[in-house]
Student: 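The structure is given below, and queries will be raised subsequently.
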Protein chains: 2
Amino acid sequence: MTVVKWNVRAGAYYDSVVLMQLQRGLLELSGVLDAGVVMATQANRDLLATNNLLPADISANPDDLLIVVKADDDNSATEAIGKVDELLARRKSSIVSEDFRPRSLSAAVKQLPEANWVLISVPGRYAAGVAREALELGKHVFLYSDNVSLEDEITLKKSAREKGLLVMGPDCGTAIINGIGLGFANRVRRGSIGVVGASGTGTQAVTAQIHNLGAGISHAIGTGGRDLKSDVGAITAHQALDVLARDPDTKVIALISKPPSPDVATQLISAAQSTGKPVVIYFIGYPAPARKIGNLHFAVSLSEAAEKAVEQLAVNSHQSLMTDKLITGYLRGLFSGGTLAFEMMVGLQASLSPLYSNAPITNYQLLKDPLHSEAHTIIDLGDEFFMVGRLHPMIDNDLRIRRMKQEAADAEVGMILFDVVLGEGSHLDPAGELAPVIKEIREKRIGELKSSGGRVAPNDFGGAYRDHRERGELGELEFVAIVIGTDEDPQNIQLQVSQLEDAGVKVFRTASEAVEYISLKFSHREANQFPPVDLEQLKQPLAGINVGLESFYESLISQGAQAVHVEWKPPAGGNERLASLLAKMKSKKEN
Amino acid sequence: MTVVKWNVRAGAYYDSVVLMQLQRGLLELSGVLDAGVVMATQANRDLLATNNLLPADISANPDDLLIVVKADDDNSATEAIGKVDELLARRKSSIVSEDFRPRSLSAAVKQLPEANWVLISVPGRYAAGVAREALELGKHVFLYSDNVSLEDEITLKKSAREKGLLVMGPDCGTAIINGIGLGFANRVRRGSIGVVGASGTGTQAVTAQIHNLGAGISHAIGTGGRDLKSDVGAITAHQALDVLARDPDTKVIALISKPPSPDVATQLISAAQSTGKPVVIYFIGYPAPARKIGNLHFAVSLSEAAEKAVEQLAVNSHQSLMTDKLITGYLRGLFSGGTLAFEMMVGLQASLSPLYSNAPITNYQLLKDPLHSEAHTIIDLGDEFFMVGRLHPMIDNDLRIRRMKQEAADAEVGMILFDVVLGEGSHLDPAGELAPVIKEIREKRIGELKSSGGRVAPNDFGGAYRDHRERGELGELEFVAIVIGTDEDPQNIQLQVSQLEDAGVKVFRTASEAVEYISLKFSHREANQFPPVDLEQLKQPLAGINVGLESFYESLISQGAQAVHVEWKPPAGGNERLASLLAKMKSKKEN
């Protein structure tokens with residue numbers, strides 16, 4: 001009959017390698033059928049239970065160590081439990097031999113003054129403290145640890161940004177800096193593709209595939225998964241794009257992430273545009289807004305992201321930024337076609353934020369009142385809401401003309417977008433009715449601009465954009481139309497297009513072309529107000545101080561990098577009460 | 001001083017063309033500045049208000065007609081309101097001259113017996129009744145009307161399906177049948193691309209673009225926007241795919257829709273696969289699962305959908321269906337890489353339903369208990385939940401091996417998918433630990449199969465698939481691995497791959513290839529149990545009966561189709577109370 005025995009140890013810290021080795025040691029003992037060595041969190045207890053390793057009468061706290069052995073008989077089980085100390089000591093002794101190792105970060109810096117990176121993989125609750133110390137010592141941080149609080153992440157990243165330092169993580173699985181892999185990283189040749197990755201295995205899959213396709217990596221900068229959430233505001237991703245934009249050895253950039261928050265996406269896309277380099281973007285699980293917007297190329301899978309990046313190396317044509325005047329103010333889209341409105345939402349939601357609609361993709365985009373636009377808005381005028389007892393806007397232009405005038409009267413509006421859908425069943429001369437109205441609106445706005453001192457949409461970015469909107473000043477008003485039709489349609493498509501163009505409307509024949517044009521027109525880039533990451537220092541041979549998983553130290557050494565491993569122990573040996581007491585004493589001393 | 005006057009008319013029906021013409025007539029009168037003629041719904045009253053056309057003291061019901069005039073002075077306003085009857089009568093007299101027109105559907109059928117379609121654009125509350133009558137007369141229905149209830153849509157479509165008839169709509173804006181456009185439709189050349197469109201202007205944009213690219217359309221079948229919701233179950237889209245699959249003149253199919261419900265997407269994708277023809281799919285606003293899955297090609301914009309369809313015409317290679325054994329049972333994905341898990345969710349969510357995860361894309365995919373899979377499940381074993389005091393699964397295989405055994409013990413599981421991420425920092429021989437376990441699991445399952453009478457995963461579809469799962473029988477268990485790495489990684493990637501392959505694992509080097517393989521392996525098609533739509537009849541010259549907007553009748557005639565317009569009036573002239581009384585009397589008479 002099998003027997004399960006266990007042992008609980010409170011208040012001591014063991015790193016996870018030690019725990020794995022203890023478990024393996026126990027499994028090798030004669031008569032032992034299975035063993036579990038875990039911190040007694042609820043998740044781990046549930047895991048033991050699914051493996052029939054959780055005795056019913058066990059009592060332990062989440063930060064206790066729980067050792068369970070299942071054996072053939074009572075003797076074997078008791079004997080195994082009795083050997084726990086011996087097994088732990090065996091592990092310890094192998095470490096003790098390396099006692100030349102520094103026991104603190106500051107000691108490690110003395111030992112390796114040229115260190116420019118600190119790799120941190122200690123348990124989450126200690127990680128922020130170590131990272132803070134690393135930043136104070138002027139080092140970049142690779143923060144592998146998870147279970148770090150969002151507040152700590154924000155504080156660390158803001159503090160790093162002020163110093164021109166990077167904090168990659170928390171929960172950053174991988175990076176390649178200057179040819180050396182940090183954490184989990186594939187060995188890839190050096191090359192001209194820079195990667196910004198808010199995802200670990202995403203970056204691994206893309207860098208490995210780039211290598212397998214014959215190209216190489218300049219740097220792959222990790223950000224941690226939460227970097228692209230609103231709270232953090234993509235601090236690390238922005239720093240990474242900025243430094244890769246300045247790096248002459250990086251010709252193409254790949255940006256890989258789970259879907260960012262909408263406001264963050266907008267800013268990142270603007271930042272990517274202003275690098276002036278081809279940027280391949282893959283927001284995993286987010287509908288691609290287009291195949292291409294200026295220098296931005298959107299992928300639909302990890303391997304396609306790699307392929308497109310390699311393709312762009314070959315293209316190697318410098319994509320000039322749009323020098324045309326940018327739009328200040330909001331977009332208002334007035335559509336007769338519901339699907340066209342939706343298609344434009346999909347295409348523009350990444351570039352315009354906030355974007356509202358009466359036919360939104362996600363709930364937070366829902367316009368409160370279909371009759372009044374807010375910020376950037378796209379309206380489906382053919383929605384049921386408008387349609388009771390009224391002809392469709394593809395037949396009757398009255399509703400749209402009235403709404404056009406309403407939007408034009410709003411000084412915050414910089415562009416009015418609309419569709420003209422030709423064909424059977426539709427109005428026989430929509431442009432003939434719309435063009436005169438547009439002409440009148442544009443002339444009126446230009447007249448008002450002149451009389452108000454002629455403040456025309458400025459070419460400057462960011463700040464001016466916001467000021468302008470806040471003050472409600474008038475800018476020029478641009479009209480953009482998407483004309484859907486064929487040369488066989490009853491309306492004479494050439495005549496429709498030319499009437500609109502004569503009224504000053506920019507005309508496109510597909511939604512995709514309009515998406516690209518508008519995205520570029522609304523691109524706005526805040527100037528970087530923070531000290532830039534020092535490119536020359538980043539290109540120095542990587543020298544790292546490792547705190548946490550020893551295997552990451554061994555990996556640095558095996559890659560030929562200089563490295564020092566800190567023989568780290570948690571404050572007060574992991575005893576939380578004692579640690580908090582020590583912290584209090586320390587803070588008293590400092591005051 | 002401007003003056004606003006108004007007039008309310010209760011209980012009478014006017015079609016929306018009459019209302020538009022009345023409004024235009026009023027605007028032409030001398031002294032009139034603006035006018036509104038609307039059904040007095042809240043939306044329309046709000047619209048009047050935004051145009052300063054809503055007097056404060058007005059009182060009207062939603063089905064009253066509200067006529068408002070704004071004029072230079074009291075006299076002009078009063079005079080304009082006084083002319084309403086005259087203006088309405090003017091419109092009426094132009095119709096009266098055409099009194100040879102039938103006043104009922106059955107009369108119209110007598111006049112045009114070869115009619116195969118009925119086009120319906122009467123107000124929503126009457127539309128279902130007309131459609132029911134059309135189906136009873138054995139006609140296909142093009143249902144332009146919106147504001148039709150979901151219940152009516154389901155009843156109509158189920159009834160049509162039983163008769164091998166199509167109901168396109170409600171709220172179907174466009175279709176092209178046999179070269180003739182219905183509703184709003186661009187004039188395009190005939191050709192070999194068939195379109196199934198759950199969106200109006202989406203279909204217009206795609207068909208117009210196909211024409212502009214030099215190709216043509218066989219049929220474009222509309223479904224209405226709600227067809228792809230769970231409640232309706234894509235009845236029309238399935239019929240459309242089926243008839244286009246059988247049509248020898250259709251070489252390529254394009255399927256355009258807003259994102260379907262997940263269960264509907266799964267079935268549609270299976271149906272599209274089993275057409276055996278190239279199908280270009282664009283689910284607008286839904287992340288593309290891949291660029292290509294067998295004969296399916298996914299687009300990221302309307303114009304790309306058109307381009308890909310035209311491209312596929314040129315390719316013209318018959319894509320053979322996978323003849324390999326299909327999988328019965330569920331997929332369980334056990335990932336060490338969080339992003340790889342997420343990437344597979346994105347790629348497989350369209351093909352596998354329901355699909356759960358501890359790292360879901362949308363909330364309804366959230367797995368209740370990370371320790372126990374349900375249906376198709378993809379687990380990120382590197383999630384924080386698992387990580388307290390434990391080494392990452394890229395270093396320590398223990399957690400994954402235990403979970404693999406757990407999944408294998410579930411007779412409903414047909415495939416276990418996992419990743420092996422090589423490189424710096426990772427385990428030095430993951431395949432060496434995983435392969436023996438997999439071999440053992442596979443041998444055990446095969447042994448159990450033999451002893452249980454050898455019921456192996458059957459090659460039959462649908463029914464058997466479900467029966468099998470319900471009965472919890474054992475099938476073969478397939479293992480699929482995604483190996484991420486390079487030839488320079490410390491693990492020797494060739495050796496890793498060959499160890500896995502020797503254990504019977506199907507190995508891919510990118511997630512995309514695995515997505516394609518798995519999607520095809522889980523493809524299941526229910527046999528069509530309903531009378532098919534008669535292809536030969538569909539290819540007869542289109543002859544239509546039009547009920548509602550006269551312009552749709554005129555459009556049929558101008559395209560050279562035979563057509564009859566029904567001089568339709570709502571029951572009891574639109575008086576709801578009287579209509580309900582008449583309906584009761586009719587139903588009494590029938591009983």
Side-chain angles (χ1 to χ4, degrees), chain A residues 16 19-20 38-39 41 43 46 50-51 146-147 181 183-188 199-202 204-205 208 211 284-288 300-303 337 339-340 342-343 346 361 371 384-385 387-391 394 396 402 421 423-426 484-486 488-489 510-512 551-552 555, chain B residues 16 19-20 38-39 41 43 46 50-51 146-147 181 183-188 199 201-202 204-205 208 211 284-288 291 300-303 337 339-340 342-343 346 361 371 384-385 387-391 394 396 402 421 423-426 484-486 488-489 510-512 551-552 555:
Chain A
S16 35
L19 302 187
M20 178 188 74
V38 294
M39 302 304 295
T41 61
D46 291 349
T50 63
N51 288 284
D146 53 28
N147 284 300
F184 301 121
N186 296 95
R187 287 210 184 169
V188 300
S199 79
T201 45
Q204 285 198 259
H211 173 94
I284 311 159
Y286 191 80
V300 304
S301 69
L302 291 168
S303 50
T339 302
L340 289 174
F342 199 75
E343 171 91 343
V346 172
I361 300 168
L371 299 176
E384 286 187 338
F385 172 85
M387 284 297 98
V388 179
R390 179 176 284 111
L391 283 172
M394 269 151 69
D396 181 3
R402 287 177 186 271
V421 182
E424 291 298 333
S426 287
I484 301 293
T486 74
E488 296 185 12
D489 280 333
T510 67
S512 297
S551 56
F552 289 163
S555 154
Chain B
S16 36
L19 302 187
M20 178 188 72
V38 294
M39 302 304 295
T41 62
D46 291 350
T50 63
N51 287 283
D146 52 29
N147 284 300
F184 300 122
N186 296 96
R187 287 210 182 167
V188 300
S199 79
T201 45
Q204 285 198 260
H211 173 93
I284 310 161
Y286 192 79
R291 299 299 293 162
V300 303
S301 69
L302 292 167
S303 49
T339 303
L340 289 174
F342 199 75
E343 172 91 342
V346 172
I361 300 169
L371 299 176
E384 288 187 337
F385 173 86
M387 284 297 98
V388 180
R390 179 175 283 109
L391 284 172
M394 269 151 69
D396 182 2
R402 289 178 185 270
V421 182
E424 291 297 334
S426 288
I484 300 294
T486 73
E488 296 185 14
D489 281 333
T510 66
S512 297
S551 56
F552 290 164
S555 154

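Please read all numbers here as calculations on a predicted model, not as lab measurements. Labels below follow one simple rule: chain letters A, B, ... track the order of the sequence lines, proteins then strands, and each chain is numbered from 1.
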Student: I'd like to know which of B:Thr41, B:Leu19, B:Asp396 tops the heavy-atom pair count under 4.5 Å against chain A.
Tutor: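 Top count of heavy-atom pairs under 4.5 Å with chain A: B:Asp396.
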Student: Please find the pair of heavy atoms, one from A:Gly485 and one from B:Asn186, that lie closest to each other, and give the distance.
Tutor: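 Distance-wise, the nearest heavy atoms are CA-ND2, 3.4 Å.
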Student: When rounded to the nearest 0.5 angstrom, what is the spacing between OG1 in B:Thr50 and CG in A:Leu371?
Tutor: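 CG of A:Leu371 is found 5.5 Å from OG1 of B:Thr50.
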Student: Please name the pair of heavy atoms, one in A:Ile484 and one in B:Ala208, separated by the smallest distance, quoted to 0.1 Å.
Tutor: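 For A:Ile484 versus B:Ala208, the nearest heavy atoms are CG2-CB, 4.2 Å.
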Student: In terms of heavy-atom pairs under 4.5 Å with chain B, which of A:Ala43, A:Ala288, A:Ser551 leads?
Tutor: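 Of A:Ala43, A:Ala288, A:Ser551, A:Ala43 has the most heavy-atom pairs under 4.5 Å with chain B.
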Student: Hey, which of A:Ser301, A:Ala511, A:Gly181, A:Gly200 has the most heavy atom pairs under 4.5 Å with chain B?
Tutor: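 Ranked by heavy-atom pairs under 4.5 Å with chain B, first place is A:Ser301.
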Student: About how many Å separate OG1 of B:Thr486 and NE2 of A:His211, when rounded to the nearest 0.5 Å?
Tutor: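 Here the rounded value is 4.5 Å.
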Student: Based on non-hydrogen pairs under 4.5 Å, which of A:Asn51, A:Val188, A:Thr510, A:Ile361 is most in contact with chain B?
Tutor: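 Result: the option with the highest number of such pairs is A:Asn51.
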Student: Could you check which of A:Arg402, A:Met20, A:Met39 has the highest count of heavy-atom pairs closer than 4.5 Å to chain B?
Tutor: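 The option with the most such pairs is A:Arg402.
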Student: Between atom CZ of B:Phe385 and atom CG of A:Asp46, what is the distance when rounded to the nearest 0.5 Å?
Tutor: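 Interatomic distance, B:Phe385 CZ to A:Asp46 CG, rounded to 0.5 Å: 6.0 Å.
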Student: Could you report the tightest heavy-atom contact between B:Gly285 and A:Pro287, atom names first, then the distance?
Tutor: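 Heavy atoms only, the tightest pair is O-CG, 3.5 Å.
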Student: Among the options A:Glu343, A:Arg390, A:Met387, pick out the one with the most heavy-atom pairs lying under 4.5 Å from chain B.
Tutor: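 Sorted descending by pairs with chain B, the first entry is A:Glu343.
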Student: For the pair B:Gln204 (side chain) and A:Val421 (backbone), establish whether a donor and an acceptor sit closer than 3.5 Å, ignoring hydrogens and angles.
Tutor: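 No; zero donor-acceptor contacts below 3.5 Å.
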Student: Below 4.5 Å from any heavy atom of chain B, which atoms of A:Ser426 appear? Answer side chain, backbone, both or neither.
Tutor: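 It is both, since atoms from each part get that close.
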Student: With a 4.5 angstrom heavy-atom cut-off, is it the side chain or the backbone of B:Phe552 that approaches chain A, or both, or neither?
Tutor: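 Just the side chain, heavy atoms under 4.5 Å.
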Student: Looking at B:Ser16 and A:Leu391, what are the two nearest heavy atoms and their distance?
Tutor: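 Residues B:Ser16 and A:Leu391, closest heavy atoms: OG-CD2, 3.5 Å.
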Student: Among A:Asp146, A:Leu340, A:Asp489, who wins on heavy-atom pairs under 4.5 Å with chain B?
Tutor: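 Heavy-atom pairs under 4.5 Å are most numerous for A:Asp489.
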Student: Specify the closest pair of heavy atoms between B:Val346 and A:Ile284, including all atoms of both residues, with the distance to one decimal.
Tutor: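 That would be CG2-CG2, 4.0 Å.
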Student: What part of A:Val388 gets within 4.5 angstrom of chain B, counting heavy atoms only: side chain, backbone, both, or neither?
Tutor: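 Both backbone and side chain.
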Student: Can you tell me if B:Glu424 uses its side chain to pair, donor with acceptor, with the backbone of A:Ala185 under 3.5 Å?
Tutor: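 No: the side chain of B:Glu424 does not pair with the backbone of A:Ala185.
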